[in-house]
Amino acid sequence: MGLNVEGSDKDKYEILMELAKRRGFFWPSFEIYGGVSGFYDLGPLGTLLKENIRKLWLEYFVVKHADLVVPVETPMITPEIVFKASGHLESFTDPIVQCLRCGRVFRADKLIEEATGMNVEGLKPGELTQIIKERGIKCPVCGGELSEVRLFNLLFQTYIGPYKRDIGYLRPEAAQGMFTSFKRVFTVARTSLPLGIAQIGRVARNEISPRQGMIRLREFTIMEMEFFYDPEDPGLPPFGKFGGKLNILTAEQRLKGDEKPATYGVEEAVREGIVKNPWLAYWMAVAKEFVKELGVGEAETFFEEKLPEERAHYATQTFDQLVRVSRWGWVEVSGHAYRGNYDLSQHIKYSGQDLTVFKGFEKARVVKTLQVKVNKSVIGRLFKHDAPKVIEELGNVDPAEVKRALDNGAKFLELGPFKVPTEAIRIEEIEKKITGRRFVPHVVEPSFGAERLVYVSLDKSLVREGDRVYLRLPPKIAPVKVAVFPLLSREPFRERAYRLYSSITASGIMAFFDDSGSIGRRYARADEIGIPYAITVDHQTLEDGTVTVRNRDTREQIRLEEVQVIGWLRKNLEVNLVDLKMGEVK
RNA sequence: GCGGCGGUCGUCUAGCCUGGUCUAGGACGCCGGCCCCCCAAGCCGGCGAUCCCGGGUUCAAAUCCCGGCCGCCGCACCA
């Protein structure tokens, strides 16, 4: 026994980590140099597993919603202006102080708020330092002197090109790429809302002190969608496609100390105002189904509403999707944020570009409005070189007010320093045809961490049955789909089995050939990395051309004709084998 | 970032307290061979360890001391 599990109550996590390293799912990066925390390599099996999870995500969020969602890919390195606009430069940072005696680090603003009751939100580090000095605030733990307040920003900084002034950052989320490319994608997608823009890509966050192995990384793959819609006409999500029940723990419950999520129908959650937005709820339902395919049961996941102070600066309602794993308890695998029009509005402001959407009315509306007509020749003669300024000012005044002034017989209109004679102005009622309206779309965002899902799927699938340790990975995401063995390693078994193996890989199905050791050992090796099916070429194969196919989870065998194998696999690899009761760890 | 504990073949571990007998032992794995076998059987042979890194003490360091890195736990932090 290589695993030393017999008779031990060894933590499942440790068995999993050991298996992950030994068989090549993942391990800490840069090990030969001692390692750096927050970074993990994916090994051969981990790479395949993650690829399958990516594909599954794409299937759920893009392919199954091809009429609503399109994919993009945008750079990791992002110029500074983007994060100025998005607020990350300012808000992705915490003011911290360190105790000069015991070394403990504290959030400076929180410390002052606790000590003095002052609201110091938004103050600069210097101002916070000042307050700490003036109020004589000391380390709350040891009473030691505190350092100057400094800002710690979680963005990784770099330079773009040779000029030090061209600062760039590694993106901490993929979202900004969808916002900065929104105008073009929207056009490409033939200018219709609602529209989801999805992206799978790497992001980086300079975490202060990452822990929890694969759960909290400094660089990871995010699978994210920004779903844009018209806030006045959001459209109806296809609840018939993905609906069902959601387990939700509301912020209100949490404030009352209630920790038990309640179950709602998706539409009910919207109707009751639990989830403030139908699309947010819809994508949560899709998320639940997606995560279920990774082997997570309905009872093992719920959505936790974040409290206002827990939310990101851009969000007005956020739910985290939590999944229970063996070592870490409830772990966040996805975030569902209602970002309103915050991001697009910010980019409109900073870029000066028009990122609004035009939506035509079914019938053009005719609206009567008042307009100020200016006799420019009078203004020109009167104000000479100030005339353009005056004309501009006149364009800004409210026509209704001007009309009132004129009706009251006013002789002049006072515009700052300028006195404009009313003869130069008249009010006209004009008819305007309004064919539609412009607005900034609102956004809901479901966002997943791919490596966390890799970890979750392994944690959920690891089964211990006495000495037998294996992965009950759902066939859809299993890195290797089928193992092919000759019962005996000599000819003609070997040759026959290898030929079958070759035809399977040639058909695009990931397979594994093994002829070393006893047949039982080979089954065990295959089970340990979660290969769902094992095919054996035996004596009977030589007589009638049939092979045995063994099911990893039940160890049952059936016989199939060799020529049927690929078709049979195609069909059976699509089946979701995971029966959650069976998946329980003994 | 702080405090506690830890880091030895691919993996798990013995040794460390009480320095030398450790060119570091075992198990499993892996590779080759035998066996020709349907659930980790057995036999033979082989590969495999900068004892986390750096410095110090000592005639002598896996072992003692200091610093660093990494991991776990607690505190803090966490979009």
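Residue numbers start from 1 in every chain, and the chains themselves are labelled A, B, ... in the order their sequence lines are given, proteins ahead of strands.
Distances shown here put a side-chain N or O of A:Arg525 below 4.0 Å from the OP1 or OP2 atom of B:C30. For the pair A:Arg521 and B:G29, the criterion of a side-chain N or O lying under 4.0 Å from OP1 or OP2 is met. Look at A:Thr548 and you won't find any side-chain N or O under 4.0 angstrom from OP1 or OP2 of B:C38. Between A:Ser37 and B:G71, a side-chain N or O to OP1/OP2 separation shorter than 4.0 Å is present. OP1 or OP2 of B:C73 sits under 4.0 Å from a side-chain N or O of A:Arg327.
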For a ring-ring contact (aromatic ring centres under 6.0 Å, His included) check, start with the C-alpha distance between A:Tyr501 and A:Phe513, then their side-chain angles and the critical distance, and finish with the verdict.
CA-CA 7 Å; A:Tyr501 159 76; A:Phe513 179 83; 5.6 Å; yes
Kindly determine whether A:Thr221 and A:Arg202 satisfy side-chain hydrogen bond (donor to acceptor under 3.5 Å, both in side chains), including the steps that lead there.
CA-CA 4 Å; A:Thr221 297; A:Arg202 286 188 84 77; 3.1 Å; yes
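Applying the 3.5 Å distance criterion, the base of B:C52 shares no donor-acceptor pair with the side chain of A:Glu31. Judged by distance alone with a 3.5 Å cut-off, a donor-acceptor contact links the side chain of A:Tyr523 to the base of B:C38. Applying the 3.5 Å distance criterion, the base of B:C39 shares a donor-acceptor pair with the side chain of A:Arg550.
Between A:Arg339 atom CZ and A:Asn277 atom CG the span is 14.0 Å, to the nearest 0.5 Å.
Across the protein-nucleic acid pair, A:Glu14 atom CD and B:C72 atom C1' stand 8 Å apart, rounded to whole Å. Residue A:Ile519 contributes atom CD1, which lies 12 Å from atom P of B:A41 at whole-angstrom precision.
You'll find the ring centres of A:Trp279 and A:Tyr338 outside the 6.0 Å limit. In summary, the aromatic rings of A:Tyr282 and A:Phe227 are positioned with their centroids too far apart to meet the 6.0 Å limit.
Using a 4.0 Å cut-off between a side-chain N of Lys or Arg and a carboxylate O of Asp or Glu, A:Arg254 and A:Glu304 qualify as a salt bridge.
Of the options A:Thr78, A:Thr74, A:Asp343, a side-chain hydrogen bond (donor to acceptor under 3.5 Å, both in side chains) to A:Gln176 is made by A:Asp343 and by none of the others.
Residue A:Gln540 is classed as having no contact, given no heavy-atom separation below 4.0 Å to the nucleic acid. Nucleic acid contact for A:Ser489: base, since at least one base atom lies under 4.0 Å from a heavy atom of the residue. If you check every strand for non-hydrogen atoms under 4.0 Å, A:Gly213 touches sugar and phosphate atoms only. Within the nucleic acid shown, A:Trp27 has no heavy atom closer than 4.0 Å to any nucleic acid atom. Residue-level contact check: A:Asp527 touches neither bases nor backbone, having no heavy atom under 4.0 Å from any strand. Using a 4.0 Å heavy-atom criterion, one finds that A:Arg216 contacts the bases of the nucleic acid, with or without backbone contacts as well. In this structure, A:Leu487 reaches the bases: a heavy-atom distance under 4.0 Å links it to at least one base atom across the strands shown. Across all strands, A:Pro28 comes closer than 4.0 Å to no nucleic acid atom at all (heavy-atom distances).
B:U21 is unpaired under the Watson-Crick or G-U wobble criterion, no partner having all donor-acceptor distances under 3.5 Å. Pairing of B:C16, defined by two Watson-Crick or G-U wobble distances under 3.5 Å, is not identified with any nucleotide. Checking B:U58 for Watson-Crick or G-U wobble geometry (two distances, each under 3.5 Å) identifies no partner in any strand. Nucleotide B:G1: paired with B:C75 (Watson-Crick or G-U wobble, both distances less than 3.5 Å). As the counterpart of B:U63, no nucleotide is assigned, since no Watson-Crick or G-U wobble pattern has both distances under 3.5 Å. The partner of B:C70 is B:G6, judged by Watson-Crick or G-U wobble contacts that both fall below 3.5 Å. Summarising the base pairing, B:A49 is matched to no nucleotide, lacking a Watson-Crick or G-U wobble pair whose two defining distances lie under 3.5 Å. Across all strands shown, the partner of B:G32 is B:C44, judged by Watson-Crick or G-U wobble contacts whose two distances both fall under 3.5 Å.
Of the candidates B:C37, B:C38, B:C73, B:C37 carries the atom nearest the A:Leu488 side chain, counting heavy atoms from C-beta on. The side chain of A:Ser518 lies closest to B:A41, out of B:C73, B:C30, B:A41. Picking from B:C39, B:C12, B:C36 the nucleotide with the shortest atom distance to the side chain of A:Arg555 gives B:C39. Among the nucleotides B:C39, B:G10, B:C73, the one closest to any side-chain atom of A:Arg22 is B:G10. Relative to the side chain of A:His539, the nucleotides B:A40, B:C37, B:C38 differ in distance, and B:C37 lies closest. Of the candidates B:C38, B:U11, B:C37, B:U11 carries the atom nearest the A:Lys21 side chain, counting heavy atoms from C-beta on.
Taking the P atom of each, B:C65 and B:G19 are spaced 12 Å apart, rounded to whole Å. Nucleotides B:C69 and B:A61 have their P atoms positioned 26 Å apart, rounded to a whole Å. Nucleotides B:C31 and B:C9 place their C1' atoms 15 Å apart, quoted to the nearest Å. Atom name C1', nucleotides B:C70 and B:C53: the rounded distance is 10 Å, in whole Å. Look at the P atom in both B:U8 and B:U13: the space between them is 8 Å, to the nearest Å. Taking atom C1' in both B:A49 and B:U11, one finds a spacing of 13 Å when rounded to whole Å. Between B:G10 and B:C30, the two P atoms lie 15 Å apart (nearest whole Å). Remark: the separation of the C1' atoms in B:G25 and B:C43 is 23 Å, to the nearest Å.
A:Tyr523 and A:Thr536 are linked by a side-chain donor-acceptor pair at a separation below 3.5 angstrom, with hydrogens and angles left out of the test.
Residues satisfying the salt bridge (Lys or Arg N to Asp or Glu O under 4.0 Å) criterion with A:Arg555, sequence neighbours excluded, are absent altogether.
Comparing A:Arg311 and A:Glu556 against RNA chain B, the residue whose closest nucleotide sits nearer the 5' end is A:Glu556. Take the nearest nucleotide of RNA chain B for A:His88 and for A:Gln557: the residue whose nucleotide is more 5' is A:Gln557.
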